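Step one of this worksheet: look at the structure below.
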Amino acid sequence: MSSIRPLIPLLLAAGILLGGNGLQSTLIALRGAQEGFSASDIGLMGTFYFAGFLLGCLAITRVMKAVGHIRAFSALAAIASVGTLLLVLVLDPVMWCAVRFAGGFCFAGLFTIVESWLNSGVSNHDRARVLAIYRMVDTGSVTGAQFLIPVFGAGGFTIFAIMSIMITLSLVPVSLGDRSNPTPPEEVKLDLARVWRISPLGCFGCIAVGVTNSAFRTLSPVYAEQIGMSVADVVTFVSVGIFGGAIIQYPLGYLSDRWDRRRVLLLTTCCAMLSALALVFVAGSNPLLNFIIIFLFGCFAMPLYSLSAAHSNDRADAGEFVLINAALMLFYSFGAIGGPFAASTAMQYFGPSALFVFSAVVYTVFIAVILYRMQARSGVPAGRRSRFTALLRTSTVFARLARRNSDPDSPEGP
């Protein structure tokens with residue numbers, strides 16, 4: 001435990017940021033609906049957020065090299081905090097889209113800095129433990145922060161001030177932590193064409209998951225609000241879906257390490273599609289039924305990214321874990337840019353349940369691709385399969401943090 005103690009300030013900062021970012025995503029949908037913004041307006045805000053996130057992933061390494069971890073973190077946190085206050089000072093869809101773009105850029109940079117810092121400070125011996133703690137921090141912060149909304153309400157200034165305070169407070173553990181400013185990491189190597197050749201199925205899977213998961217995170221509060229849920233029920237609905245995905249990843253990963261991973265991917269995608277259709281045709285406006293089915297939806301929809309990544313890593317050569325997963329993160333971001341706006345357009349014309357009809361259609365296409373790839377290529381023998389790793393979609397650097405736990409012989413540097 002003593003070797004992990006110096007990393008506690010960074011884990012604390014990560015928890016504050018993860019919670020604040022998750023809270024902002026839900027609040028923007030709820031407050032936007034209260035202010036009369038259309039579903040397509042809110043979906044467009046999600047598209048701008050993920051466009052900024054993609055740009056942040058690509059640019060942040062140069063920023064760190066120019067000014068170092070602490071200064072880069074301070075600047076991005078300040079911009080994100082100011083942007084949060086602008087959301088309540090200027091209630092306009094165009095301004096909110098601009099702020100969400102800037103927020104996506106800032107949060108991509110902030111997560112990259114924290115994960116790069118953790119990677120430089122953790123020993124191989126403690127890597128698995130730090131990863132487990134980081135994932136618990138992620139799940140606990142994102143789900144717990146949601147419940148600030150019913151406490152303080154989605155209207156008014158208070159909840160935005162609290163979000164701004166959270167982002168600003170993340171500066172405290174980073175500034176006062178007992179680690180020196182580490183050397184900035186090398187830029188993540190990107191070869192999208194090579195990664196696509198290695199695993200077309202894994203790449204397509206990450207794009208499909210980007211489309212559906214970004215639509216869910218952006219628009220599920222709008223769906224819940226439009227079917228008549230209270231603010232507390234909306235927050236519970238979102239949180240239950242996220243929590244379901246967190247607890248089922250490891251059982252599915254364990255299964256995929258022992259079966260043909262594509263069969264597990266196929267089964268999981270089918271269950272995600274059926275859960276989405278159940279939300280449309282079974283749940284109706286009953287809150288309890290919606291909570292149960294969204295939990296099942298989260299159980300199967302959220303792990304698809306890690307399962308797709310694990311399949312891609314099965315096809316990779318030794319030492320390519322970081323290359324593969326950095327590229328997959330970008331493929332996910334490509335899908336995430338289009339998902340919210342496409343789904344919100346469907347909701348605008350066909351009502352709130354169109355969100356999950358849209359997701360079911362995407363899963364159907366993905367199922368067809370899985371079946372085609374299973375016919376086009378033989379499976380990976382059990383002896384060649386990599387170990388499943390539950391990956392967060394916070395930055396392209398997360399693969400470096402997870403690297404030595406899953407790929408101990410990787411030559412990639414920190």
Side-chain angles (χ1 to χ4, degrees), residues 127-128 131-132 135 138-139 195-196 198-210 212-213 241-276 295-318 320-329 331-332 335 362-393 398-399 401-408 410:
R127 192 168 292 269
L131 280 170
R135 292 188 189 105
D138 172 54
T139 303
V195 174
W196 184 277
I198 289 171
S199 179
L201 176 58
C203 295
F204 186 87
C206 289
I207 294 171
V209 175
T212 55
N213 282 10
I242 296 170
F243 183 71
I247 66 170
I248 204 68
Q249 282 210 68
Y250 287 103
L252 285 173
Y254 178 85
L255 193 63
S256 74
D257 285 342
R258 282 146 185 80
W259 290 5
D260 182 343
R261 210 170 314 260
R262 296 173 302 178
R263 294 192 178 192
V264 178
L265 197 55
L266 177 64
L267 176 63
T268 306
T269 308
C270 286
C271 290
M273 179 194 69
L274 292 173
S275 300
F295 175 80
L296 295 174
F297 176 82
C299 284
F300 299 111
M302 301 304 164
L304 287 174
Y305 176 83
S306 293
L307 288 170
S308 298
H311 173 70
S312 298
N313 283 298
D314 289 343
R315 298 286 183 183
D317 294 332
E320 290 188 318
F321 184 85
V322 173
L323 168 71
I324 293 286
N325 289 286
L328 294 179
M329 179 68 205
F331 281 120
Y332 173 89
V362 175
Y363 292 136
T364 301
V365 174
F366 188 29
I367 288 167
V369 172
I370 296 171
L371 291 171
Y372 168 74
R373 293 303 303 172
M374 289 177 73
Q375 296 300 316
R377 199 177 197 181
S378 59
V380 177
R384 285 194 53 206
R385 282 186 213 135
S386 61
R387 223 170 112 199
F388 174 85
T389 300
L391 295 169
L392 301 183
R393 298 173 298 279
F398 184 81
L401 181 59
R403 181 194 70 248
R404 293 192 185 101
N405 186 42
S406 298
D407 189 12
S410 170

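For clarity, every value in this text was computed on a predicted model and none was experimentally measured.
One distance of note links SG of Cys270 with CD1 of Ile370; it measures 7.5 Å at 0.5 Å rounding. Distance check, rounded to the nearest 0.5 Å: CD1 of Ile198 to CG of Asp314 gives 12.0 Å. With rounding to the nearest 0.5 Å, the separation of NE2 in His311 from CG in Leu201 is 4.5 Å.
Checked against side chain to side chain donor-acceptor pair (under 3.5 Å), Thr269 has no partners two or more places apart in sequence or in another chain. Remark: Ser275 pairs with no residue by the side chain to side chain donor-acceptor pair (under 3.5 Å) rule, at least two apart or across chains. In this structure Thr268 satisfies the side chain to side chain contact (heavy atoms under 4.5 Å, CB included) test together with Leu252, Val264, Phe300, Leu304, Leu307, sequence neighbours excluded. With sequence neighbours excluded, the residues that form a side chain to side chain donor-acceptor pair (under 3.5 Å) with Thr212 are Tyr363. When the side chain to side chain contact (heavy atoms under 4.5 Å, CB included) test is applied to Leu267, the partners found at least two apart in sequence or on another chain are Cys271. For Cys203, the side chain to side chain contact (heavy atoms under 4.5 Å, CB included) partners are Val195, Trp196, Leu328, Phe331, not counting sequence neighbours. Applying the side chain to side chain contact (heavy atoms under 4.5 Å, CB included) rule to Leu274 yields no partners; only residues at least two apart in sequence or on another chain are considered. For Tyr332, the ring-ring contact (aromatic ring centres under 6.0 Å, His included) test picks out Tyr305, with sequence neighbours left out.
Within 6.0 Å of CZ on Phe243 lie no more than 12 heavy atoms contributed by other residues, nucleotides or ligands.
Closest approach of Ser199 and Ser312 over heavy atoms only: OG-OG, 3.3 Å. Nearest heavy-atom pair across Ser308 and Phe366 is OG-CZ, 4.0 Å. Closest heavy-atom contact between Gly245 and Pro303: O-CG, 4.0 Å. The minimum heavy-atom distance linking Gly241 with Met302 is given by the pair O-CG, 4.2 Å.
In this structure the side chain of Ser256 never reaches within 4.5 angstrom of the side chain of Leu265, judged on heavy atoms.
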